[in-house]
Amino acid sequence: MRNGIVLAVLLICLGSIIAGHFHWENKIASTGQEIRTTNIASLNEQAPVNSQVEDKDEQNNDQDAQLATEYANQLPSPLKEAVLQKVTSGEQVRFLIVGSKGLTGESAWPNILQEEMKKYYGDTFEFYIQEITDHTSSKVVEQQLHLLDEVVPDVVLLDPFVIEDNYGLVQMSRRFANIDEIIKGYKEQNEEVVILLQPSMPLYGARNYPREIEALQQFAEQHSYLYLNHWENWPHYNDDEFLQYVSDDTQYPNDVGNNAWADYLLRFFTGDEIEDSIV
């Protein structure tokens, strides 16, 4: 009798253990399935977020391209076609600014122009600045200083070293021949390159120099180069007001002069008056 009772108790305990084991295994399996399901759901919920970011970036790029196209359509030929071709293909316009001095530094007009242009064209233009100091156009051509191996420009804004040629007494006929050689070098790199000519900065009280600038403008017009006459945005070089635009030695533009220079160029590229002028 006693053995029967003990056997019954053992069977009951064994059954409880087995039942508990199966219950625990089912609970673990259920929990694991719940965890896996939750993780998958989280990933699926995050995927649309990444997609939304990509869609937003693509939408912003489309808006930038549309805005750049609107401004580019106002540019004169052949600059308009060159910029539109790049915008359509999704490429940047390699824009090279070349001159003799005063091109570098945070307050210099090329930097101001670059920052302001982004407001209108986004990242359409990729800027390169090449400052060649203390060299006449003859030296530049002789040493091929204007050409950069790492940059093949689509657009070149060239100040053809007029001030240095003035100081170096380079004859006008020689200067024009040098300009032709400089442009020829760019065209050998890229036959579709667009050349923009501009004068060097005005000089206070100058006499012969303004006549040289007039000759440069005539040269540009005769050869169908776009000529960007930023002098129009400065006071007359004989007026005392002009001194507010240049350094103490009058050889460099100060902040006011740099802003005037950049503002003229920005107006050219936007084709309209700027509501909040940087001058």
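Along the sequence shown, the residues carry numbers beginning at 1.
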Side-chain ion pair, [X] and [Y], N-O less than 4.0 Å:
{"X": "K139", "Y": "E164", "value": "no"}
{"X": "D123", "Y": "K118", "value": "no"}
{"X": "K86", "Y": "E91", "value": "yes"}
{"X": "K184", "Y": "D180", "value": "no"}
{"X": "E116", "Y": "K119", "value": "yes"}

Does the side chain to side chain contact (heavy atoms under 4.5 Å, CB included) test come out yes or no for V162 and L216, once each step is laid out?
CA-CA 9 Å; V162 184; L216 174 64; 3.9 Å; yes

Do [X] and [Y] have side-chain heavy atoms sitting under 4.5 Å apart?
{"X": "K80", "Y": "N73", "answer": "yes"}
{"X": "D154", "Y": "N190", "answer": "yes"}
{"X": "Y204", "Y": "N238", "answer": "no"}
{"X": "E232", "Y": "Y264", "answer": "yes"}
{"X": "L157", "Y": "Q198", "answer": "yes"}
{"X": "N229", "Y": "Q217", "answer": "yes"}
{"X": "V246", "Y": "W234", "answer": "yes"}
{"X": "L96", "Y": "L148", "answer": "yes"}

Any chance you could lay out the side chain to side chain contact (heavy atoms under 4.5 Å, CB included) test for V155 and R94, step after step, and finish with the verdict?
CA-CA 6 Å; V155 178; R94 296 183 295 267; over 6 Å; no

Can you sort out the partners of F269 under ring-ring contact (aromatic ring centres under 6.0 Å, His included), two or more places apart, ordered by chain and number?
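Listed in chain order: F95, F125.
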
same_hphob_cluster([X], [Y]) at 4.5 Å side-chain heavy-atom cutoff:
{"X": "Y167", "Y": "F161", "answer": "yes"}
{"X": "I97", "Y": "V151", "answer": "yes"}
{"X": "L84", "Y": "F268", "answer": "no"}
{"X": "I182", "Y": "M172", "answer": "yes"}
{"X": "V170", "Y": "V141", "answer": "no"}

Value rounded to 0.5 Å, distance of [atom1] in [X] from [atom2] in [Y]:
{"X": "L196", "Y": "L265", "atom1": "CG", "atom2": "CG", "result": "9.0 Å"}
{"X": "I213", "Y": "S200", "atom1": "CD1", "atom2": "OG", "result": "5.5 Å"}
{"X": "I112", "Y": "S107", "atom1": "CD1", "atom2": "OG", "result": "6.5 Å"}
{"X": "K101", "Y": "Q251", "atom1": "NZ", "atom2": "CD", "result": "4.5 Å"}
{"X": "R174", "Y": "E181", "atom1": "CZ", "atom2": "CD", "result": "7.5 Å"}
{"X": "L226", "Y": "E221", "atom1": "CG", "atom2": "CD", "result": "11.0 Å"}

Is the ring centre of [X] less than 6.0 Å from the ring centre of [Y]?
{"X": "Y186", "Y": "H146", "answer": "yes"}
{"X": "W261", "Y": "Y252", "answer": "no"}
{"X": "Y71", "Y": "Y120", "answer": "yes"}

May I ask you to check whether S77 and E81 show a side-chain donor-acceptor distance below 3.5 Å?
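Yes - a donor-acceptor pair under 3.5 Å links their side chains.
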
Indicate whether the side chain of Q130 and that of Y128 have a donor and an acceptor atom separated by less than 3.5 Å.
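Checked: Q130/Y128 side chains show no N/O donor-acceptor pair below 3.5 Å.
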
Candidate pair D165 and S137, rule side-chain hydrogen bond (donor to acceptor under 3.5 Å, both in side chains), full reasoning:
CA-CA 6 Å; D165 283 349; S137 61; 2.7 Å; yes

Could you check whether any side-chain N or O of D263 sits under 3.5 Å from a backbone N or O of N259, counting only pairs where one atom can act as donor and the other as acceptor?
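Not a single qualifying donor-acceptor pair exists.
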
So does N254 get a backbone contact from the side chain of N258, meaning a donor-acceptor N/O pair under 3.5 Å?
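Yes: the side chain of N258 pairs with the backbone of N254.
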
If you compare all heavy atoms of [X] against all heavy atoms of [Y], which two are closest, and at what distance to 0.1 Å?
{"X": "T124", "Y": "V83", "result": "CG2-CG1, 4.2 Å"}
{"X": "P199", "Y": "L228", "result": "CD-O, 3.2 Å"}
{"X": "Y121", "Y": "A72", "result": "OH-N, 3.7 Å"}
{"X": "P110", "Y": "I129", "result": "CB-CD1, 3.6 Å"}
{"X": "F242", "Y": "P235", "result": "CD1-O, 3.6 Å"}
{"X": "T69", "Y": "A65", "result": "OG1-O, 2.7 Å"}

Quick check on Q144: does its CD atom have over 12 non-hydrogen neighbours (other residues, nucleotides or ligands) under 6.0 Å away?
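Count over threshold, so yes.
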
Residues, nucleotides or ligands: over 12 heavy atoms within 6.0 Å of D248 CG
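At most 12 heavy atoms, drawn from other residues, nucleotides or ligands, come within 6.0 Å of this atom.
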
Audit row: N178, V140, side chain to side chain contact (heavy atoms under 4.5 Å, CB included) steps and yes/no
CA-CA 8 Å; N178 290 338; V140 171; over 6 Å; no

Do N208 and R211 pass the side-chain hydrogen bond (donor to acceptor under 3.5 Å, both in side chains) test, and can you show the C-alpha distance, the side-chain angles, and the key distance before you say yes or no?
CA-CA 5 Å; N208 294 328; R211 289 196 288 268; 2.3 Å; yes

By salt bridge (charged side-chain N to carboxylate O under 4.0 Å, His left out), which residues pair with E131, not counting sequence neighbours?
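Counting only residues at least two positions away or on another chain, E131 forms no salt bridge (charged side-chain N to carboxylate O under 4.0 Å, His left out).
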
Verdict with supporting geometry, E212 and R175, side chain to side chain contact (heavy atoms under 4.5 Å, CB included):
CA-CA 10 Å; E212 295 170 358; R175 297 184 197 186; 3.0 Å; yes

side-chain hydrogen bond (donor to acceptor under 3.5 Å, both in side chains) evaluation trace for D255 with Y245:
CA-CA 7 Å; D255 288 348; Y245 285 65; over 6 Å; no

